[in-house]
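A short worksheet on the structure shown next.
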2 protein chains.
Amino acid sequence: MISSKDVAKRARVSQPTVSRVLNNPDSVKAETRNRVLEAMEELGYYPNLIARSLVTNTTRTIALVSGTLKNGFFAETTDSIVHSAKSKGYKTITYFEDEDEVPDFFDSVMGFKVDGLLLSLIKLDDPVLERIKKTKIPCMFFNRKPRHGGNFVVLDNQLAAKMLTQHLLELGHQRIAYISGRTDVSTFLDRKLGFEQTMAEANVNLIPEMIHFIGTSSNEVEEATVKLLAMDPPPTAIMCVTDTIALICMDIIMSRGLRVPEDISIAGFDDIRLSSHQAIQLTTVGSSDMQTMGEIAADNLIELIELSEVNAEPRQILLQPVLNVRKTTAALS
Amino acid sequence: MISSKDVAKRARVSQPTVSRVLNNPDSVKAETRNRVLEAMEELGYYPNLIARSLVTNTTRTIALVSGTLKNGFFAETTDSIVHSAKSKGYKTITYFEDEDEVPDFFDSVMGFKVDGLLLSLIKLDDPVLERIKKTKIPCMFFNRKPRHGGNFVVLDNQLAAKMLTQHLLELGHQRIAYISGRTDVSTFLDRKLGFEQTMAEANVNLIPEMIHFIGTSSNEVEEATVKLLAMDPPPTAIMCVTDTIALICMDIIMSRGLRVPEDISIAGFDDIRLSSHQAIQLTTVGSSDMQTMGEIAADNLIELIELSEVNAEPRQILLQPVLNVRKTTAALS
DNA sequence: TTGAAAGCGCTAACAA
DNA sequence: TTGTTAGCGCTTTCAA
């Protein structure tokens, strides 16, 4: 392997001078600098970032702990996060954990001395939160937030759920089913609160058998959907707590020969790109900034890293929801 | 930061003994070992992987250079790659480059001393290929391959294109349009060859204005589709070189009030998960192993890393295509 | 503007 | 079974 020592020898300078050319070129006389640069070129030298990190205690790397890419939402956020990070000179180490896996990114993250942590997959009272806090590594949550404190960017989920529920109520739906992930997660809890509150305000009774809090795997969604369809009478509308769930739900309904929205209305959350496809046209509530939630998260994290104000105000960003009424919801005839 | 020195002091042993407990526990007397483990626990010690890497010259990290996650295909492969790698104890650094960007992962990869390289985004005669070869870093290509040599896993693209073209011909289509990425990429070149050859064998003339080789951004796909629809007469079928392109194409066609497949048939390649959705039902040719292409790539790369047979046979894996006839293609009436 | 020397936290060789 | 010593390739003082 070519090291700075080799370059130094060839350029007839000391090894630290090579380092200076890299990190503080102005402190080296132009003539010397050119000789060093030439030597680097000739030898095909690449500075060893590992060695540099050991000294500087920074890696210019962030760790992204995201939900699975099977969920289009996380594909979109991951894409924008990796891009944003890269444009600011940071590499991204990615972990895509399944919901109910115990996330074991921690040791790896700790040992690797990443400069920052971008987390989606946390529960409201996740035990990992305490461990993270102890590390003092700058950390930003996106899409989900811890019960108390933290830096985060999330949709105003309670309001979003209100808007969507209101929409269904206005269409005349009363037998509204609800398929959600478990409410030990802020996103799902807040959406549930918004839903329940709006239903209560409208004096519409919830039908307990129509409310499902399940894992987000397609199997579990399928199971819940099948149960709903088997009810007599079945729901006239199903509110799904993410677009990805809504799509699975829709798939199953259609595969049984039922029509959306003629036989049953479907609505989702997040407004992922796919939802606006002509063949899908899913009614959903997202944010005009949803595409850029990842970007916001990454940008803020990197600011936190570089400012390193220990006692800075927590960054808590709430995105405004936007209701997109498309073709999977219809008035009750 | 807690270092092995601190642990050593607390456990009243020398620092290398701490290291031994980590790397070769059997070589340490049980009693001593326990004392060390206890000290680690009490201090909340995590070994510094950066320092370890500097010595061992391995990082247990692979770099994944993938196409954008906007393409569902890459979302699926990325998911399986990151999972496979993790299950074998490797971290993944991800780069999602856009097609026509000059990929600048190279410096970062070189400096970081990743143990292996998983590449999708390469052209047939990509100049980066030579640079990679020089580094001696184990490398595996997936989905695309270089013109000569290399380790790769790809679909048998030429055969896949034949099967799909044959399908359209059997339905009676003759005015078949073709939307493809540029053919400086093996995947697109091979699919083109299969298409052209099958058309020639069937004595069906290609209509040059119906053949588009463009970038894969949705803008360019839109532009090409619009041009096709404006033709008189328009094509009766459009073959798109990826499912992602087919979906964009379908979106535009439908947004103009045309019906798929009644007015125009659409077919794609890859069989991404979305294609089998009831609301989409895209006819496409993929592989039963397409979901696991990423897995195959990751597993083989890690074998290459760990065997480190310098002169091993190149691993060149061709996946068998499977035609999935769904509902976006129909017989010409 | 440059060089000499020290040290980041670890592993690896050797000696005891 | 354990300790001593050296060194991975850098950056960072401090002197010259």
Side-chain angles (χ1 to χ4, degrees), chain A residues 1-40 43-61 91 107-115 135, chain B residues 1-40 43-61 89 107-115 135:
Chain A
M1 201 179 45
I2 312 293
S3 76
S4 58
K5 242 185 202 165
D6 301 313
V7 176
K9 194 177 293 174
R10 179 173 253 265
R12 303 187 313 280
V13 296
S14 72
Q15 180 268 328
T17 294
V18 176
S19 177
R20 273 189 276 260
V21 169
L22 252 28
N23 299 305
N24 194 2
D26 290 343
S27 72
V28 179
K29 211 205 312 179
E31 193 197 309
T32 322
R33 186 172 57 228
N34 288 332
R35 225 168 47 220
V36 171
L37 288 171
E38 234 169 72
M40 286 179 176
L43 294 173
Y45 167 74
Y46 291 91
N48 185 326
L49 300 181
I50 297 283
R52 177 181 293 170
S53 287
L54 188 59
V55 178
T56 60
N57 238 332
T58 78
T59 48
R60 292 199 76 80
T61 302
K91 295 175 284 299
D107 290 8
S108 165
V109 162
M110 281 309 297
F112 213 74
K113 314 290 171 195
V114 293
D115 293 346
T135 69
Chain B
M1 201 179 43
I2 313 293
S3 77
S4 57
K5 241 186 202 165
D6 302 314
V7 176
K9 194 178 292 175
R10 179 174 253 266
R12 303 185 314 280
V13 296
S14 72
Q15 179 269 327
T17 295
V18 177
S19 177
R20 274 187 278 260
V21 169
L22 252 29
N23 298 306
N24 194 1
D26 291 341
S27 73
V28 178
K29 209 206 307 181
E31 193 197 309
T32 322
R33 187 171 57 228
N34 289 334
R35 225 171 43 221
V36 171
L37 288 171
E38 232 169 73
M40 285 179 176
L43 294 173
Y45 168 73
Y46 291 90
N48 185 327
L49 301 179
I50 298 282
R52 178 180 293 169
S53 287
L54 188 59
V55 178
T56 60
N57 237 333
T58 77
T59 48
R60 292 200 76 80
T61 302
D107 289 8
S108 165
V109 161
M110 281 308 296
F112 214 73
K113 313 290 170 196
V114 295
D115 292 347
T135 68

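The sequence lines fix the lettering, A, B, ..., with proteins before strands; numbering per chain opens at 1. Note: hydrogens, waters and symmetry copies are ignored here, and every other heavy atom, side chains too, is used. Here the structure is a predicted model, which is why all the values come from computation and not from measurement.
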Could you give the NZ-to-P distance, from B:K29 to D:dT1, as a whole number of Å?
->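 Spelled out: NZ on B:K29 to P on D:dT1 is 9 Å.
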Interatomic distance where CZ belongs to B:F112 and P belongs to D:dG9 [whole Å] |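 These atoms are roughly 16 Å apart.
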Identify, with sequence neighbours excluded, every residue that meets salt bridge (charged side-chain N to carboxylate O under 4.0 Å, His left out) alongside B:R10.
->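 Only B:E42 meet the salt bridge (charged side-chain N to carboxylate O under 4.0 Å, His left out) criterion with B:R10.
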Side chains of B:P47 and B:R52: closer than 4.5 Å at any heavy-atom pair?
->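 Yes, side chains in contact.
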Is the closest side-chain heavy-atom distance between A:T59 and B:I50 below 4.5 Å?
->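 With C-beta onward as the side chain, the pair touches.
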First and last nucleotide of DNA chain C, 5' to 3', lying under 4.0 Å from heavy atoms of chain B |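 Reading along DNA chain C, I get C:dG9 to C:dA13.
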A:Y46 versus B:D107, closest heavy-atom pair with distance =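 That closest heavy-atom pairing would be CE2-OD1, 3.4 Å.
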Locate the shortest heavy-atom distance separating A:A11 from A:R35; write the atom from each residue and the value.
->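 In this case the closest contact between A:A11 and A:R35 is O-NE, 3.0 Å.
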How long is the gap from CG on A:N48 to CD1 on A:I2, to the nearest 0.5 Å?
->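 Output value for this atom pair is 12.5 Å.
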How many angstroms lie between OG1 in A:T32 and CG in A:L37, if you round to the nearest 0.5 Å?
->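 Atom-to-atom, A:T32:OG1 and A:L37:CG are 10.5 Å apart.
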Could you go step by step and tell me if B:L49 and B:R60 meet the side-chain contact (heavy atoms from CB on, under 4.5 Å) rule?
-> CA-CA 10 Å; B:L49 301 179; B:R60 292 200 76 80; over 6 Å; no
State whether B:T32 places a side-chain N or O below 4.0 Å from either non-bridging phosphate oxygen (OP1 or OP2) of D:dT1.
->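 No.
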Check nucleotides 10-13 of chain D for protein N or O atoms closer than 3.5 Å to its own N or O atoms and list the pairs.
residue, atom, partner, partner atom, Å
D:dC10, OP1, A:Y45, OH, 2.8
D:dC10, OP1, A:N48, N, 3.4
D:dC10, OP2, A:S4, N, 2.9
D:dC10, OP2, A:S4, OG, 2.4
D:dT11, OP1, A:N23, OD1, 3.4
D:dT11, OP1, A:N23, ND2, 2.8
D:dT11, OP1, A:R52, NE, 2.8
D:dT11, OP1, A:R52, NH2, 3.3
D:dT11, OP2, A:S19, OG, 2.2
D:dT11, OP2, A:N23, ND2, 3.3
D:dT11, O5', A:S19, OG, 3.4
D:dT11, O4, A:Q15, OE1, 3.4

